[in-house]
Each structure stands twice: as C-alpha cells, then as structure tokens.
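Per chain, numbering begins at 1; letters A, B, ... match sequence-line order.
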Amino acid sequence: MANLYDLKKFDLNLLVIFECIYQHLSISKAAESLFITPSAVSQSLQRLRTQLNDPLFIRAGKGITPTTIAVNLHHHLDNNLNQIEKTLQLMSRTDLARKFIVYAPQLIILDPVKNLFNIFEQEPNLLIEHHDMLIAQQSAEDLLNYRKADLVITTTPSTNLSVVCQPLQSFRLIPICRRAHPRLKETVTLEQLLSESTVSYVVDDPILKSIQVDSHPYFQERKVSFRSSSVFALMNMISNSDLVGFLPDLVYEYFKDFLQLKALLTPVPSPTVTLYMIYNRTSLNNTSFAEFISRISVL
DNA sequence: TTTGTGTCTCTTGATACCAC
DNA sequence: GTGGTATCAAGAGACACAAA
C-alpha cells in the first residue's frame with residue numbers, strides 16, 4: 001500500500017511537468033503544451049531537481065538533454081502516469097455504476113415513489129439501496145448530514161437551509177377489512193367499528209404516531225389485537241381475519257383485489273399524510289443526481 | 001464560519017547562454 | 001549582433017492552516 005503521508009509531502013504535479021519536459025526536450029515547448037510560461041516550467045523543474053538531488057536536464061546548445069536519472073525516472077513514470085490517466089477517464093465516465101441510498105416508507109410500490117424507482121431503472125448502471133424510513137433510528141436531516149442517505153422520503157418536512165425539501169404526494173388513511181367480513185358492510189357506524197378488533201402499525205414516525213394518538217378518539221378507544229412494523233403483515237392479517245385496520249388509500253387501491261379487501265365508509269374522518277422528498281442541496285453538484293431530481297420534478 | 005498569516009505557484013520582465 | 005531558449009528576481013494571487 002502506498003505511503004500516503006510521503007505522497008502528500010511530494011508535489012505530484014512536478015512529475016507531470018517533468019514528463020512533459022522529457023517528451024519535448026524543451027522547457028518552452030513543455031510550457032506551451034501545459035499552457036503556462038517557460039519560467040513556471042523552469043521553476044518547477046528547479047523544485048524537482050532539489051527534491052531528487054539531480055539536475056535531471058542539462059543545457060545543450062539551444063535545448064536540454066536528460067541525465068541518466070531523468071531517463072530512469074521517465075522509464076518508471078511512463079506506465080504509472082498512463083494508469084492514472086486511465087483511472088481519471090474511468091471516473092469521469094457518465095455510465096459508471098452509481099449507488100444511491102434511498103430511505104423511504106415501505107410504500108415504494110406506490111405512485112409516485114414507484115415512479116422514482118422506475119426512473120432509476122432507466123439508468124442501467126444505477127444501484128438502488130432502499131431502507132425503511134419509518135423504522136429508521138435517525139432523522140432525515142441526520143441521515144443526509146452523515147451521508148448515510150442520498151434521498152429521504154418522509155412524512156416530516158425539513159426547514160434546514162442545507163437541504164432541499166419538497167412535497168411529493170399526499171394520501172389518506174382509510175379503514176379497511178376483508179370483503180367476506182361477517183358483520184361489517186361498506187358503511188359502518190362508529191359503534192360498529194369500535195366493536196371490532198383492529199391491527200396497529202408499530203412505527204417511530206412522529207407524524208404517524210400523532211395520528212394514532214391525537215387525530216380521533218376512535219384511535220384511543222379501539223381494541224388492538226395485532227401490532228406489526230410491517231405494512232404487508234398488517235394487510236395479510238386483515239385479509240385472513242376479521243380484524244380492521246387503517247391503511248393508506250394508495251395501498252388499498254393497489255392490493256384490494258389481490259387480497260380481497262374492502263374499504264369502509266365511517267364517521268371517523270380520514271387522516272391525511274403528506275410525503276416529502278428531502279436531499280442535500282450540495283448533492284445537486286453530482287450530475288447524475290441532479291438529472292434524477294430534475295426528472296422527478298416533472299412527474 | 002470568518003479572518004489573518006505564511007507559503008506556494010504563477011506571471012512579468014530582465015538577464016545569461018548558446019548557435020548561427 | 002541576432003534570435004531562440006533557459007534561468008533569475010520581484011510581485012500578485014491562490015491556497016492552506018491556525019486562531020478567534
């Protein structure tokens with residue numbers, strides 16, 4: 001492994017200038033190709049001479065000739081500089097595989113979050129890593145500050161000036177049960193709803209928590225028989241039992257036929273939740289990310 | 001984050017060296 | 001002497017770093 005401390009002390013640009021002088025065997029021609037003055041090249045050569053304790057080039061008539069040390073240095077540098085150039089070219093390629101870490105609710109199957117991932121899929125070398133935002137231990141701002149996430153989709157907006165926060169989509173939490181429920185028709189009273197056992201979503205999200213606690217007396221009075229941090233486990237339980245649950249209308253529309261679910265019309269007002277898309281303002285310096293965000297904005 | 005300071009690299013202009 | 005090239009000296013601007 002390279003001794004990075006020693007490399008830090010050495011001005012690697014001097015080697016580039018050296019190689020340019022060697023290729024042209026002329027200070028002025030090297031300066032011309034590097035778009036600097038001959039004096040600057042000469043001074044850089046002087047610094048390299050001091051570092052390596054060798055004149056490297058000796059004046060010969062109107063030009064200069066390399067010393068044996070310079071010939072050897074060129075021999076070793078040639079391949080290495082070519083390798084560095086190839087690495088830089090590789091890094092600048094736009095089709096290089098890129099990895100984006102997205103913290104989002106489990107609702108990634110839904111619009112428009114689903115559309116976001118469709119956009120990613122159009123980029124063949126893009127790797128998407130998804131984490132469940134609703135059970136994340138850190139806030140969106142912390143995830144972005146510590147570069148643990150490139151994009152966060154959450155229910156809590158941010159006013160931090162270092163991040164960009166924009167509304168993505170709103171959805172309603174509606175009561176649902178299985179279609180073959182023996183007691184509940186499409187329209188039910190509050191008393192009927194309270195007489196049924198329910199499922200509850202275990203979540204750390206402050207907005208969803210406040211809905212479960214404050215939005216309506218029903219949520220405090222209901223009898224909870226099954227709790228889970230998995231939206232899909234809740235839906236599966238509702239589909240295969242007489243339990244009732246409040247789930248996003250988007251989830252219901254997507255799974256209602258597959259899981260044989262039924263939406264209930266109740267006097268309980270449906271809480272509305274808004275999803276926000278948050279990302280670091282500086283991330284826009286990344287061309288791929290900026291393009292991705294611009295494409296989301298036109299959805 | 002801002003500010004002050006030292007260092008580095010560059011340019012400009014002048015000078016030295018060499019071939020013709 | 002002239003022209004081409006390398007080098008030196010001084011100053012300007014950029015940058016790194018430490019302190020507030």
* **Distance-minimising heavy-atom pair for A/Leu259 and A/Met235** => CD1-CB, 3.8 Å
* To do: Might you point out which heavy atoms bring A/Ser158 and A/Ile278 nearest each other, and give the distance in Å?
  => CB-CD1, 4.0 Å
* To do: Determine whether the side chains of A/Thr37 and A/Ser39 contain a donor N or O and an acceptor N or O closer than 3.5 Å.
  => no
* To do: May I ask you to check whether A/Arg47 and A/Ser44 show a side-chain donor-acceptor distance below 3.5 Å?
  => yes
* Name every residue in residues 11-30 of chain A that has at least one heavy atom under 4.0 Å from any atom of DNA chain B, in order of residue number, or write none if there are no such residues. => A/Asp11
* Do the ring planes of A/Phe255 and A/Phe232 sit parallel (below 30°), tilted (30 to 60°) or perpendicular (above 60°)? -> perpendicular
* **Residues forming a salt bridge (charged side-chain N to carboxylate O under 4.0 Å, His left out) with A/Glu253, sequence neighbours excluded** => A/Lys256
* **Residues forming a side chain to side chain contact (heavy atoms under 4.5 Å, CB included) with A/Leu34, sequence neighbours excluded** => A/Ile17, A/Cys20, A/Ile36
Rounding to an integer number of Å, can you tell me how far [X] [atom1] sits from [N] [atom2]?
X: A/Arg49; N: C/dA6; atom1: CZ; atom2: P; answer: 10 Å
X: A/Leu34; N: B/dT9; atom1: CG; atom2: C1'; answer: 14 Å
X: A/Phe57; N: C/dT7; atom1: CZ; atom2: P; answer: 10 Å
X: A/Leu45; N: B/dT9; atom1: CG; atom2: P; answer: 14 Å

* Asked: Taking 4.0 angstrom as the limit, do A/Lys262 and A/Glu186 come out as a salt bridge?
  -> no
* Under 4.0 Å between a side-chain N or O of A/Arg47 and OP1 or OP2 of B/dC10? -> yes
* Footprint string (nucleotides 8-15 of chain C, 5' to 3'): B base within contact, S backbone only, - free, heavy atoms under 4.0 Å -> BB------
Would you be so kind as to tabulate the donor-acceptor pairs closer than 3.5 Å made by side chains of residues 241-251 of chain A, with sequence neighbours excluded?
| residue | atom | partner | partner atom | Å |
| --- | --- | --- | --- | --- |
| A/Ser241 | OG | A/Met237 | O | 2.6 |
| A/Ser241 | OG | A/Leu243 | N | 3.1 |
| A/Asp242 | OD1 | A/Arg178 | NE | 2.9 |
| A/Asp242 | OD1 | A/Arg178 | NH2 | 2.6 |
| A/Asp249 | OD1 | A/Arg172 | N | 3.2 |

* Any link between A/Leu25 and A/Val71 through a network of hydrophobic side chains (Ile, Leu, Val, Met, Phe, Trp, Tyr) touching at under 4.5 Å? -> yes
* **Heavy-atom side-chain contact between A/Leu15 and A/His74 under 4.5 Å** => no
* Asked: Bend across the helix from B/dT1-C/dA20 to B/dC20-C/dG1, to 10°, with axes taken over 5 pairs at each end?
  -> 20°
